[in-house]
Protein chains: 2
Amino acid sequence: MRQTIQYQIIQDTIQKMHGHPTAEDVYQEIHKEYPNISKATVYRNLHQLADNKKINQVLIPDSPERFDTILPKHYHFKCKKCGDIFDVNIDYLSEINDTVQNAYGFQIDDHDIIFKGICPKCQNGKELQH
Amino acid sequence: MRQTIQYQIIQDTIQKMHGHPTAEDVYQEIHKEYPNISKATVYRNLHQLADNKKINQVLIPDSPERFDTILPKHYHFKCKKCGDIFDVNIDYLSEINDTVQNAYGFQIDDHDIIFKGICPKCQNGKELQH
DNA sequence: ATTTATGCAAACTATTTGCATTGCC
DNA sequence: GGCAATGCAAATAGTTTGCATAAAT
């Protein structure tokens with residue numbers, strides 16, 4: 001694995017970004033300062049970073065792939081109105097892995113939880129529907 | 001909402017299908033008997049059926065959209081090797097909705113859980129990697 | 001008769017890939 | 001110098017959309 005300038009820029013940029021950016025978000029951010037970077041390189045390096053456990057890929061319904069720089073296990077919430085993604089830091093439910101493993105014979109490595117509902121802003125009608 | 005032949009065929013076909021078919025799967029199945037059906041119609045009616053709560057849309061990582069004819073709330077498991085999706089019928093964790101609602105002020109309607117690991121077949125090396 | 005849903009093709013979105021070239025090691 | 005990674009453009013996969021036509025009400 002080669003130490004390229006692009007890999008470094010992509011790693012540094014996503015580390016500075018907040019929330020759960022898509023590959024496109026990361027590309028746009030880098031493109032401001034390095035207009036020659038290729039979107040394919042951004043995709044390739046984001047996947048590389050995920051494989052190397054430097055970032056996480058987050059599963060979000062009806063969304064292009066998103067990445068997360070927060071490594072400790074946590075869950076996510078998606079607002080049905082504005083579409084925003086929020087981190088949910090309740091305790092990781094490791095016991096349900098065991099429950100499912102025992103009930104079904106699957107070897108369970110992990111699980112994701114996505115909560116769905118309305119965020120406080122949208123409850124107050126302050127946001128337009130996406 | 002009009003009662004079209006296509007809507008009926010699509011509803012009947014997916015009800016007969018097992019597992020978690022994609023729109024393409026449903027299209028292929030119908031296409032055998034009704035080669036004139038349009039893929040756009042299949043997409044439109046599957047979404048219609050989901051809106052009407054006749055079927056559920058299931059969220060699966062790295063997969064085209066999938067549908068589920070089993071309506072009671074349940075979870076899913078995806079095998080990392082063969083890619084198969086399995087239903088997971090452990091108790092629905094309604095209490096975590098309250099936990100998150102109280103902690104974050106979100107109005108939580110529901111949550112999905114996707115378990116990830118290796119299914120029994122693949123543990124025995126009987127399946128090729130997808 | 002009206003008007004919604006269909007079929008088809010084209011458009012679109014997100015992502016991946018082939019390949020000539022660049023630039024790490 | 002060799003070979004992996006880049007940039008670009010084209011290809012692909014999945015889904016949606018515009019529009020003329022067909023069919024449900």
Side-chain angles (χ1 to χ4, degrees), chain A residues 1-14 17 19-52 54-68 78 83 85 114 129-130, chain B residues 1-14 17 19-52 54-68 78 83 85 114 129-130:
Chain A
M1 220 216 99
R2 241 161 232 197
Q3 189 60 14
T4 67
I5 295 169
Q6 287 86 347
Y7 181 88
Q8 271 309 322
I9 292 172
I10 291 163
Q11 178 163 29
D12 293 350
T13 302
I14 194 170
M17 293 177 79
H20 305 85
T22 63
E24 179 70 27
D25 295 336
V26 177
Y27 170 75
Q28 289 302 337
E29 187 65 25
I30 296 173
H31 186 259
K32 292 178 195 167
E33 230 180 313
Y34 306 91
N36 297 323
I37 198 151
S38 163
K39 203 176 279 189
T41 299
V42 173
Y43 271 95
R44 281 185 285 235
N45 280 291
L46 287 173
H47 292 144
Q48 184 85 62
L49 285 162
D51 289 347
N52 298 347
K54 305 288 188 192
I55 62 176
N56 275 135
Q57 210 179 330
V58 214
L59 166 69
I60 301 294
D62 301 314
S63 164
E65 43 182 33
R66 291 176 177 272
F67 298 90
D68 195 336
K78 180 178 185 180
I85 315 298
I114 302 99
Q129 189 148 355
H130 271 211
Chain B
M1 221 216 98
R2 243 163 229 200
Q3 189 62 10
T4 66
I5 295 169
Q6 288 85 344
Y7 181 87
Q8 271 311 322
I9 292 172
I10 291 163
Q11 178 164 28
D12 293 350
T13 302
I14 194 169
M17 293 176 80
H20 305 85
T22 63
E24 179 70 26
D25 294 336
V26 177
Y27 170 74
Q28 289 302 337
E29 187 64 25
I30 296 173
H31 185 260
K32 292 178 195 167
E33 229 180 314
Y34 306 92
N36 297 326
I37 198 150
S38 164
K39 203 176 280 189
T41 299
V42 173
Y43 272 95
R44 281 185 286 234
N45 280 291
L46 287 174
H47 293 144
Q48 183 86 60
L49 285 163
D51 290 348
N52 298 346
K54 306 288 188 193
I55 61 176
N56 275 135
Q57 209 177 334
V58 215
L59 166 71
I60 301 294
D62 302 315
S63 164
E65 43 181 33
R66 290 174 177 275
F67 298 89
D68 196 336
K78 180 179 186 182
I85 314 298
I114 301 100
Q129 188 149 356
H130 272 211

*Asks:* Side chain of B/T41 only, heavy atoms from C-beta on: which candidate in C/dT6, D/dG7, D/dT15 is closest?
*Replies:* C/dT6
*Asks:* Using whole Å, report how far CG of A/N36 lies from P of C/dT21.
*Replies:* 18 Å
*Asks:* Could you check which of C/dT16, D/dA5, C/dA14 has an atom nearest any side-chain atom of A/P64?
*Replies:* C/dA14
*Asks:* Roughly how many Å is it from CG in B/L46 to C1' in D/dT16, rounded to a whole number?
*Replies:*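 Distance, rounded to whole Å: 14 Å.
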*Asks:* Measure from the side-chain heavy atoms of B/Y43 and tell me the nearest of D/dG14, C/dA5, D/dC8.
*Replies:* D/dG14
*Asks:* Among D/dT16, D/dT6, C/dT15, which nucleotide has an atom closest to any side-chain atom of A/N45?
*Replies:* D/dT6
*Asks:* May I ask you to evaluate whether A/Q6 reaches the phosphate of C/dT22, defined as a side-chain N or O under 4.0 Å from OP1 or OP2?
*Replies:* no
*Asks:* Measure the distance from CZ on A/R44 to P on C/dG18 and round it to the nearest whole Å.
*Replies:* 11 Å
*Asks:* B/S38 side chain: which of D/dT15, D/dG7, C/dC8 is closest?
*Replies:*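 Nearest to the side-chain atoms of B/S38, counting from C-beta on, is C/dC8.
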*Asks:* If I take atom CG from residue B/L59 and atom NE2 from residue B/H20, how far apart are they, to the nearest 0.5 angstrom?
*Replies:*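 Taking CG in B/L59 and NE2 in B/H20, the distance rounds to 12.0 Å.
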*Asks:* What's the spacing between A/D25 CG and A/T13 OG1 if we round to 0.5 Å?
*Replies:*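 Answer rounded to 0.5 Å: 12.5 Å.
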*Asks:* If you look at every strand shown and take non-hydrogen atoms under 4.0 Å, does A/E24 touch a base, only sugar-phosphate, or nothing?
*Replies:* nothing
*Asks:* Using atom CZ of A/F67 as one end and atom C1' of C/dT15 as the other, report the distance to the nearest whole Å.
*Replies:* 10 Å
*Asks:* In whole angstrom, what separates B/Q8's CD from D/dA23's C1'?
*Replies:* 15 Å
*Asks:* Could you state the atom-to-atom distance from CD1 of A/I9 to C1' of C/dG23 in whole Å?
*Replies:* 14 Å
*Asks:* Kindly point out which of C/dT6, C/dG23, D/dT15 is positioned nearest to the side chain of A/R2?
*Replies:*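 Among C/dT6, C/dG23, D/dT15, the one nearest the side chain of A/R2 is C/dG23.
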*Asks:* Of B/T4 and A/A40, whose nearest nucleotide on DNA chain D comes first from the 5' end?
*Replies:*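 On the 5' side of the pair lies A/A40.
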*Asks:* So, taking the atom named CG in B/L49 and the one named CG in B/N56, what distance separates them when rounded to the nearest 0.5 Å?
*Replies:* 11.0 Å
*Asks:* Might you work through the side-chain contact (heavy atoms from CB on, under 4.5 Å) test for A/I10 and A/T41, ending with a clear yes or no?
*Replies:* CA-CA 9 Å; A/I10 291 163; A/T41 299; 4.2 Å; yes
*Asks:* May I have the distance from B/H47 (atom NE2) to D/dG14 (atom P), rounded to whole angstrom?
*Replies:*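 Going from NE2 in B/H47 over to P in D/dG14 covers 14 Å.
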*Asks:* Which heavy-atom pair separates A/V26 from A/P21 by the least distance, and what is that distance?
*Replies:*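 Between these two residues, the closest heavy atoms are CG2-CB, 4.1 Å.
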